[in-house]
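Since the structure comes first, as structure tokens, the remarks are kept for the end.
These numbers come from the heavy atoms of this one structure, side chains and all, not from hydrogens, waters or symmetry mates.
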Amino acid sequence: MSRPSDRKIAMAFMAHPDDAEFLCAGTLIRLADLGWETHIATMTAGDCGTMTETPWAISARRTEEARQAAAILGGRYWCLGENDGLVVYDKPTLRKAFDMFREIGPSLVFTHAPKDYMIDHEMTSLVARAASFVYAAPNISVHPLREGSGVPHLYYCDPLEATDPLGNVVRPTTWVDVTVQLDRKAQMLACHASQREWLRAHHGIDEYLESMKRHVAMRGREIGTAAAEAFVQHRGHSYPKDDFLAEIGKEH
Ligand SMILES: [Zn+2]
């Protein structure tokens, strides 16, 4: 019997441009190298990610940065056109997500942790979970279904600092060794030049790339490797429960 992962279509569905590059780009690169089709989708164009520019100017810059990052994967970038700080779980957002899922037909979805430091992330996580469950139901959308579409494997990325908003450290179910992919992951993150500047001004973080490298090194130490990305698999009713990422995550 074929498994959803046999279709080899991976999608990261995140809140903002650069979230995927921080949290799961190394794994996407691994999958692309294995012949997978890859997609990075964001809820917003990152319209508040600036101290000086208009929403339109920064959105244009950031969608171009995200497109360039996805191109390093050989992947496609999508944006649902929501606004920073205003991502909600409602009917219009769900409908846009269902239609995008119909067009992509993912067999594997990455999204934010259900509990994270920012509500945009939590709302995106909920929408990704809902869309994964229902997008292949015949009556949910008028968009045509790609052949073989069904409930995909769903994995939650680490929350910021691997900690939920109540201070609990998240224990992953699954680690993917991204040591070999780390340079390309950093290249993808570096595409987001606007944020390297803005984070320094807003958060006092002067090390956009270094914070990512510290995180993957921390997860890497847990499995005895130089760099890893970590995930929690969604194992609710009707979602695929075999931890297929763990199988590919150990191979070099
Ligand atoms: Zn974000």
Side-chain angles (χ1 to χ4, degrees), residues 9-33 36-87 93 96-97 99-101 103-104 106 108-113 116 118 120-121 123-125 127-128 131 155-158 160 178 181-203 205 208-209 211-213 215-216 229:
I9 304 170
M11 167 194 199
F13 183 18
M14 315 304 281
H16 311 113
D18 84 8
D19 285 332
E21 288 77 357
F22 269 112
L23 297 170
C24 61
T27 304
L28 289 173
I29 293 165
R30 283 194 75 127
L31 293 165
D33 287 350
W36 283 57
E37 183 182 313
T38 55
H39 300 264
I40 296 176
T42 65
M43 278 285 195
T44 84
D47 55 294
C48 288
T50 178
M51 302 294 279
T52 54
E53 295 178 61
T54 64
W56 305 279
I58 190 65
S59 294
R61 270 181 85 181
R62 297 195 66 185
T63 47
E64 176 57 18
E65 289 168 352
R67 189 196 63 74
Q68 287 172 4
I72 290 174
L73 274 178
R76 182 169 169 192
Y77 172 64
W78 304 67
C79 180
L80 285 193
E82 295 299 311
N83 293 109
D84 284 353
L86 292 166
V87 175
T93 309
K96 281 196 282 187
D99 291 348
M100 179 176 68
F101 271 61
E103 292 199 32
I104 295 173
L108 168 62
V109 172
F110 300 100
T111 190
H112 291 290
D116 203 346
M118 192 180 182
D120 282 355
H121 287 201
M123 292 294 111
T124 303
S125 182
V127 172
Y155 286 89
Y156 299 116
C157 297
D158 266 334
L160 189 74
V178 296
Q181 291 74 27
L182 183 57
D183 283 350
R184 276 183 288 166
K185 176 179 164 81
Q187 250 181 45
M188 287 175 68
L189 188 57
C191 289
H192 297 274
S194 64
Q195 299 313 288
R196 285 170 95 175
E197 302 153 20
W198 178 76
L199 276 178
R200 195 176 305 142
H202 189 264
H203 294 299
I205 298 174
Y208 194 58
L209 297 181
S211 63
M212 177 277 283
K213 287 177 182 171
H215 191 90
V216 294
E229 290 171 343

Could you go step by step and tell me if Met14 and Leu23 meet the side-chain contact (heavy atoms from CB on, under 4.5 Å) rule? CA-CA 10 Å; Met14 315 304 281; Leu23 297 170; 3.8 Å; yes
Indicate the atoms forming the closest heavy-atom contact of [X] with [Y], along with that distance.
X: Ala12; Y: Ala20; result: CB-CB, 4.0 Å
X: Ala186; Y: Leu209; result: O-CD2, 3.8 Å
X: Glu21; Y: Asp18; result: OE1-CA, 3.1 Å
X: Ala10; Y: Leu28; result: CB-CD2, 4.1 Å
X: Cys157; Y: Cys24; result: SG-CB, 3.8 Å

Indicate yes or no for a side-chain donor-acceptor contact from [X] to the backbone of [Y] under 3.5 Å, with no hydrogens or angles considered.
X: Gln181; Y: Ile29; result: no
X: Asp47; Y: Asp84; result: yes
X: Glu229; Y: Val178; result: no

Can you name the residues that form a side-chain contact (heavy atoms from CB on, under 4.5 Å) with Leu160, not counting sequence neighbours?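 Result, side-chain contact (heavy atoms from CB on, under 4.5 Å) vs Leu160: Asp116, Tyr117.
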Among His192, Glu65, Met43, find the one that has a side chain to side chain contact (heavy atoms under 4.5 Å, CB included) with Pro17.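 Single pass found, and it is His192.
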Identify every side-chain donor-acceptor pair in residues 67-76 under 3.5 Å, counting partners at least two apart or on other chains, and give the distances.
from  : atom 1 : to    : atom 2 : distance (Å)
Arg67 : NE     : Glu64 : OE1    : 3.0
Arg67 : NH2    : Glu64 : OE2    : 2.7
Gln68 : NE2    : Glu64 : OE2    : 3.0

When you look at Leu108 and Tyr155, which way does the side-chain contact (heavy atoms from CB on, under 4.5 Å) test go after all the steps? CA-CA 8 Å; Leu108 168 62; Tyr155 286 89; 3.6 Å; yes
Please step through side-chain contact (heavy atoms from CB on, under 4.5 Å) for the pair Met212 and Leu182, ending with a clear verdict. CA-CA 10 Å; Met212 177 277 283; Leu182 183 57; 4.0 Å; yes
Under a 4.5 Å cut-off applied to non-hydrogen side-chain atoms, are [X] and [Y] in contact?
X: Thr50; Y: Ser194; value: no
X: Met188; Y: Lys185; value: no
X: His39; Y: Met100; value: no
X: Thr124; Y: Asp19; value: no
X: Ile9; Y: Trp36; value: no
X: Thr42; Y: Tyr77; value: yes
X: Arg184; Y: Asp33; value: yes
X: Glu103; Y: Trp78; value: yes

With under 30° as parallel and over 60° as perpendicular, where do the rings of His121 and His112 fit, or are they tilted in between?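 Geometry flag for His112 against His121: parallel rings.
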Report the relative orientation of the aromatic rings in Phe13 and Phe101; use parallel for angles under 30°, tilted for 30 to 60°, perpendicular for over 60°. perpendicular
Could you grab the distance from atom OG1 of Thr38 to atom CE of Met11, nearest 0.5 Å is fine? 11.5 Å
When rounded to the nearest 0.5 angstrom, what distance separates CG in Asp120 from NE2 in His16?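 So the gap between those two atoms works out to 3.5 Å.
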